[in-house]
Structures are given as structure tokens and as C-alpha cells.
Amino acid sequence: MESVRAESVSKSFKDVVSGKKEIVHVLQGLSIEVSANEVFAIIGHTGSGKTTLLRILSGLDKPDSGKVFIGGIPRERIRVGTPDVQMVFQDYALWPHMTVYNNLNFPLKQRRLPDREILERVKDMANRVGIPDSLFKRLPDQLSEGQKQMVAIGRSLMTRPKLLLLDEALVHLDPITKLKVRDEILDLQEEFQMTILMVTHQLTDALALADRIGVLYGGRIIQVATPDRLLNEPENDYVRAYIEASRLLPERRRRRS
Ligand SMILES: Nc1ncnc2c1ncn2[C@@H]1O[C@H](COP(=O)(O)OP(=O)(O)O)[C@@H](O)[C@H]1O
Ligand SMILES: [Mg+2]
């Protein structure tokens, strides 16, 4: 139950392009407001700055300018990695030397819960997000991409966070697993009274999960709308093109004759 507010957040990176030093302006005065208990999705194309934004909200990176508040408190006053704010990373960030079970139980071990309770909570969460017990002893590099993603999702939920940040968290799941995990995330969101901020390039995931969707383009949010409204009343050419392209993706490419 934590609101999120970003005010005029900007972030640039120094880069070397064709041997020349350049500054890449990724976020350019981006503002968003996510209410407590809301599921908010940010969509945008690859390289639009979605991961950059989530890293700033999670406290891992600092904006060049602008402010971030979580539950009304300035971000820098909240500990990075607090159990109340958890993130699922695009590359999972599982601990490579720890088994699936130990990856899942780590957040609880840190809180020194009794072993019996830890076991029950790990089994319960694994079951809910669809990780079979048979994977518990495996190391992350013995898992498929989708399985790693499920472990990352499970781990992020172990501490019942108030704010969950999801970075392309469903992208490697097959369609059937994805439906189950989407439902489970929404159930857990209600149960834990979580605020969820997800970023994704997949419009379908945003439409399925979010109360509101923000479109990231040119370093800013250019439209915020409910899923229905976004589909029916895109406010500009980019949003229209994004929706069109997302609809066209499932179609087979026609052969050129
Ligand atoms: N640490 C970094 N150093 C230099 N450039 C970066 C760094 N992180 C991200 N970028 C650049 O910033 C842009 C946005 O990246 P990112 O936030 O990962 O996009 P997205 O998650 O939307 O695909 C990209 O052009 C990327 O190459
Ligand atoms: Mg990304």
C-alpha cells in the first residue's frame, strides 16, 4: 500500500558512439503518480528507458535531477532492498551459487523467521506461482528462462512487499503459465494490498494486468489511461502505432512474391 510519485525525473548516460563521446538523454523530465494499491503499467519500446526508471524507483540508481517519493517519503530516506519494496529484475538477478530453495528463502532468513515457518511459506509461494518442489535443489543455471523468471517472481513476493516493481517479469513465460501467473499476481496484490508498478514492452501484459497504463516515449510519459481508453482513444501517433504494431505481431509475415 505505497504510492509512488516521480517528479520531473531526468537521467542521462555517457556513451561512446562511433568513437565519439555522446550523452544519451534517457529520461527527460518524466513524471508519474501511482496510487496506493494500484496496478500501473508503463509500456515503451526497447531502449525507451523502462529499466532505467525502475532502477531509480528501487533506489539502485540516482536521477540526475527530479524527485522520487514512495508512500510520500523521499526515496533516498528509504533503505535500498527493504522488504517492503521488492523488484523483479529483467535479468532475474538470482544468486547463482544458491539453490532455488535458498534463493526463495533468503529474504525470510534475513528476517530470522523459524525454519518451520520459512519452509511453509516457501512451499506455499512456490506452489502459487507454479514452481514445482522438484526444482528446489537446482541452481539457477540449471533452469529454463521461464523457470528463472518464476523463481525471481516468487522471491520478490516472499516478504509480502507493499510495493512491487516488475521489469518485463512475464516476458519468458509460455502463454498458459503466463495466464496462471498473471491471475496469481492479481490475487496476491489484493491479499497483500500491494501497489504494483510494472514496465514492459508487451502491450498485452499491460492490458491484462493494469488499472492504468502510461506510455513512455522520448523520455517522458506521453499518455496515461485505463486499458480501454488507451485502446479506443490513443492521443497521438506513437500510441496509435504501438497499439497497431502490438495487434499485428501475432500475424504471420506474408511472403514477398
Ligand atoms: N549504464 C548505462 N550506460 C550507458 N547507457 C545506458 C546505461 N543503461 C542504459 N543505457 C541506455 O539507456 C537507454 C535506455 O535503456 P533501458 O532503460 O535499459 O531501456 P528499456 O528497459 O526500456 O529497454 C538505452 O539506450 C541504453 O542503451
Ligand atoms: Mg529494460
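We count ligands from 1, going down the list as the structure has it; atoms in each ligand are counted the same way.
- The backbone and the side chain of Thr52 each have at least one atom closer than 4.0 Å to an atom of ligand 1 (non-hydrogen atoms only).
- Scanning the protein heavy atoms around atom 12 (O) of ligand 1, the nearest turns out to be Val26 CG2, 3.2 Å.
- Under the 3.5 Å distance criterion, the side-chain polar atoms of Thr226 are matched with a main-chain donor or acceptor of Arg229.
- Of all atoms in ligand 1, numbered sequentially from 1 with element shown, those under 4.0 Å from a heavy atom of Thr46 are 23 (O).
- Considering every non-hydrogen atom in both Ile56 and Pro63, the closest pair reads CG2-CD, 3.8 Å.
- Counting only protein N, O or S atoms, the number found under 2.8 Å from the Mg ion (ligand 2) is 2.
- For the ligand labelled ligand 1, residue Ser48 lies inside the 4.0 Å heavy-atom shell.
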For this session: Take His45 and Tyr238, measure what ring-ring contact (aromatic ring centres under 6.0 Å, His included) needs, and give me the verdict at the end.
Result: CA-CA 10 Å; His45 60 254; Tyr238 179 75; 5.8 Å; yes
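- Phe13 CB, 3.4 Å is the protein heavy atom nearest to atom 4 (C) of ligand 1.
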Problem set entry | Steps toward salt bridge (Lys or Arg N to Asp or Glu O under 4.0 Å) verdict (Asp237, Arg240) | CA-CA 5 Å; Asp237 287 348; Arg240 216 166 287 124; 2.7 Å; yes
Problem set entry | Worked verdict on Lys137 versus Gln142 for side chain to side chain donor-acceptor pair (under 3.5 Å) | CA-CA 10 Å; Lys137 288 194 176 144; Gln142 297 169 319; over 6 Å; no
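- For the pair Gln147/Leu135, a side-chain contact is recorded, criterion being any heavy-atom separation below 4.5 Å from C-beta on.
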Exercise. What do the steps show when you test Thr200 against Glu168 for side chain to side chain donor-acceptor pair (under 3.5 Å), and what is the final call?
Worked result: CA-CA 5 Å; Thr200 180; Glu168 305 281 8; 3.1 Å; yes
For this session: May I have the step-by-step check of salt bridge (Lys or Arg N to Asp or Glu O under 4.0 Å) for Lys123 and Glu120, ending in yes or no?
Result: CA-CA 5 Å; Lys123 279 197 157 176; Glu120 269 168 28; over 6 Å; no
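- By heavy-atom distance, the residue among Lys50, Glu168, Arg55 lying nearest atom 22 (O) of ligand 1 is Lys50.
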Problem set entry | Asp61/Lys11 under salt bridge (Lys or Arg N to Asp or Glu O under 4.0 Å): CA gap, chis, key distance, verdict | CA-CA 10 Å; Asp61 287 333; Lys11 180 82 180 171; 5.5 Å; no
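- Ranking protein heavy atoms by distance to atom 23 (O) of ligand 1, first place goes to Gly47 N, 2.7 Å.
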Show every donor-acceptor pair shorter than 3.5 Å between a side-chain atom in residues 69-96 and any protein atom, with sequence neighbours excluded, or say none if there are none.
| from | atom 1 | to | atom 2 | distance (Å) |
| --- | --- | --- | --- | --- |
| Arg75 | NE | Leu57 | O | 2.6 |
| Arg75 | NH1 | Ile78 | O | 2.9 |
| Arg75 | NH2 | Ser58 | O | 2.6 |
| Thr82 | OG1 | Asp84 | N | 3.4 |
| Gln86 | NE2 | Thr82 | O | 3.0 |
| Gln90 | OE1 | Thr51 | OG1 | 2.9 |
| Tyr92 | OH | Glu145 | OE1 | 2.7 |
| Tyr92 | OH | His172 | NE2 | 3.3 |

Exercise. Under the side chain to side chain donor-acceptor pair (under 3.5 Å) criterion, do His25 and Ser12 qualify, and how do the steps go?
Worked result: CA-CA 4 Å; His25 298 282; Ser12 306; 3.0 Å; yes
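- For atom 21 (O) of ligand 1, the candidate residues are Thr51, Val24, Asp167, Asp61; the nearest heavy-atom contact is made by Thr51.
- At a distance under 4.0 Å, no protein heavy atom can be found next to atom 26 (C) of ligand 1.
- Interface atoms of ligand 1 facing His45, defined by a heavy-atom separation under 4.0 Å, are 22 (O).
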